[in-house]
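Fair warning: this is a prediction, and the values are worked out from it, not measured in the lab. We name chains A, B, ... by the order of the sequence lines, and we start the count at 1 in each one.
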Protein chains: 2
Amino acid sequence: MAKQNTVFKDAYNRCLKLLADTSSLPSEPELGQVLGVSRTTVRAILSRFEELQLIAWDKRKKNVLRQPRPDDYFPTEETDSLAEIIERSFMRRILAGGAEPGMQINELELAREIGTGTTSVREFLIRFSRFGLIEKRPNSHWILKGFTREFALELTEVREMFELRSAARFVALPDDHPAWAELTQIEALHRGILADIDNRYREFSELDEKFHLLVHKASSNRFIVDFYDVIAIVFHYHYQWNKTNARERNARALEEHLAYIEALRSHDPARAEQACRRHLQSARETLLQSIP
Amino acid sequence: MAKQNTVFKDAYNRCLKLLADTSSLPSEPELGQVLGVSRTTVRAILSRFEELQLIAWDKRKKNVLRQPRPDDYFPTEETDSLAEIIERSFMRRILAGGAEPGMQINELELAREIGTGTTSVREFLIRFSRFGLIEKRPNSHWILKGFTREFALELTEVREMFELRSAARFVALPDDHPAWAELTQIEALHRGILADIDNRYREFSELDEKFHLLVHKASSNRFIVDFYDVIAIVFHYHYQWNKTNARERNARALEEHLAYIEALRSHDPARAEQACRRHLQSARETLLQSIP
DNA sequence: TTTCTGTCTTTTATCTACAATAGACAGATT
DNA sequence: AATCTGTCTATTGTAGATAAAAGACAGAAA
């Protein structure tokens, strides 16, 4: 295969859902807009709909003939991009499987194991190297630096500098800045989860990322915002990996977030700093506890 | 060509210089060590030396037969790695040639222009993207964000946070830490250049990088040290590009460095912070002046 | 015993090829 | 006049192939 058609499959699945709600589909450019793909892909989707007798397609008319059935969808495994597959495989290997610092990483072996070409693995490793967990020896292998205590300390040190600065900027945002509305929305989500914490505590991870990203964005600094990717990926896999006391940890973090949100709302830099520090400190402790 | 043999050519040239100074060459592993290449490459070099009647090679004996002539060397253009060539080409394009922010970057076109395969260009762009000057639209082109005023401000904001913190760590280093010896050496280089500033002011750029890297390393934080790459590349090309008042600018920066070095030596955090701030402020102004 | 060389295998860096996807343009439709 | 469709071209993402470089191992030399 030269290129996976995951863009097509994923857009196709999403388009099937749209189809369930109407009697006829909009124009090709509009569909492309909604699905975030080019017209070429839209037309491929429409052709397939026609083949499967889902629609009658004649130029501008795209009338829905029947409701989609579960087996009209592509399996979700087939809609993940290669990059996502490689990332998951790789993270599982280095977090779960004995990931000794100093271990060598072999592109060819990794590619064989994942069942993909070397090019994609190589590009993934280059992109991934900015997370500071691996390092390249030119003309030779990569070295795993490992998810160690030092790594976590270095990461949190920078995180704290950046987030404190971002929080300081946040309190100074004008009242009509859209970030305030988003903050309100995020606060509501917090209260929703807290109200039913026993069943919904797993939703915290995603919300955590959303909240901190919003704060970092207030910095208006691309380096600070980009660095949040590093934090997000580490915490993302960390949550998947370390589930001890997840309910209590998450409940506490939600409370801290609420205090932090209120402090931001106060427009008082000193209060915001204090709430931010308190939360970051406990986030750091949680992360460190999970490292042997 | 599958792979350039620039490693061979570069090591070969360096080995020729070694050869000029002795009557016989050391063992293969030792040569590999000295040149930083594998035995395979060492043996390729020795084979060529033998072919060109530069040495008589019989197992452990590698006796020098004649002195190398200038035409024994490979031309220096052939010893640059592809990555270096691509980087230079690219930087020239985006700094010199009308680099409008928002411009599209096309992998194929870039590859054709540089005369290389798309893979190498692609990998370069991925590596380069961490500098925050370009951004990828998946399944589509890259976008040049441009060397704009905002870029410079965002860059210097983070630089100042990181360097202030690093300087604070530096003053607290124990007296037997090797950084102090390096600092002494760097200080001597500063005085050397200042003493003959009219002829040697061009050497400042390299020294500047060395000095600030030393300071950043005191942070013991990989993210802070890695970020210095971004600063270094920007200032490196900036110096090549903007030569107005170079002599005065550099003389002033050298004096600021000396004050900064003395402040670090004092072990007084407040003095160090003040000297650091003063220098960073003027570095920022210089950078901003060069942006339209 | 230790270090070196000869030989062989494995891996990386790079090119080329090709399907998937994006995107451009002219003529058709509203 | 504005938007849409049909058709065509160009670019990206990925696999596969191959020379260069790294590296492993056994036997030779010190």
Q: For A:F223 and A:F162, run ring pair (Phe, Tyr, Trp, His ring centres under 6.0 Å): C-alpha distance rounded to whole Å, both residues' side-chain angles, the deciding distance at 0.1 Å, then the answer.
A: CA-CA 10 Å; A:F223 299 106; A:F162 282 175; 9.1 Å; no

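The CD1 atom of B:I143 sits 15 Å away from the C1' atom of D:dT11 (whole-angstrom rounding). Rounded to whole Å, atom P of C:dC4 lies 7 Å from atom CD of B:E30. In this structure, CG of A:L82 is placed 12 Å from P of D:dG16, rounded to the nearest angstrom. Going from atom OH of A:Y12 over to atom P of C:dA20 covers 16 Å, rounded to whole Å. Atom CG of A:L108 is separated from atom P of D:dA20 by 19 Å (rounded to the nearest Å). B:W142 has its CH2 atom 10 Å from the P atom of D:dT12, to the nearest Å. Note: CG (B:L46) to C1' (C:dC4) measures 13 Å, nearest angstrom. Residue B:N106 contributes atom CG, which lies 14 Å from atom C1' of C:dT21 at whole-angstrom precision.
Looking at A:F147 and A:M91, their side chains never come closer than 4.5 Å, going by heavy atoms from C-beta outward. With contacts defined as side-chain heavy-atom distances shorter than 4.5 Å, the pair B:L46/B:E28 qualifies. Within the 4.5 Å cutoff, no side-chain heavy atoms of B:T6 are placed close to those of B:T79. In this structure the side chain of A:H141 never reaches within 4.5 angstrom of the side chain of A:N106, judged on heavy atoms.
OP1 or OP2 of C:dC15 sits under 4.0 Å from a side-chain N or O of B:S120. Side-chain nitrogen and oxygen atoms of B:K62 include at least one within less than 4.0 Å of the OP1 or OP2 phosphate oxygen of C:dT5. For A:R43 and C:dA20, the shortest distance from a side-chain N or O to OP1 or OP2 is not below 4.0 Å. Dashed line: the shortest gap from a side-chain N or O of B:S27 to OP1 or OP2 of C:dC4 is under 4.0 Å. For C:dT11, the OP1/OP2 oxygens have no side-chain nitrogen or oxygen of A:T118 closer than 4.0 Å. Look at A:R112 and you won't find any side-chain N or O under 4.0 angstrom from OP1 or OP2 of D:dG16.
Both A:E28 and B:R122 lie near DNA chain D, and the one whose nearest nucleotide falls closer to the 5' end is A:E28. Nearest-nucleotide assignment on DNA chain C puts the 5′-proximal partner with B:D58, out of B:G115 and B:D58.
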(Q) Return a single string for nucleotides 21-30 of chain D, one symbol per nucleotide in 5' to 3' order, where B is base contact, S is sugar-phosphate-only contact and - is none, cutoff 4.0 angstrom on heavy atoms. (A) SBBB---BBS

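A tilted orientation is assigned to the rings of B:Y228 and B:H216, their planes being inclined by 30° to 60°. Ring geometry, B:F74 versus B:F8: the interplanar angle exceeds 60°, so the pair is classed perpendicular (tilted spans 30 to 60°).
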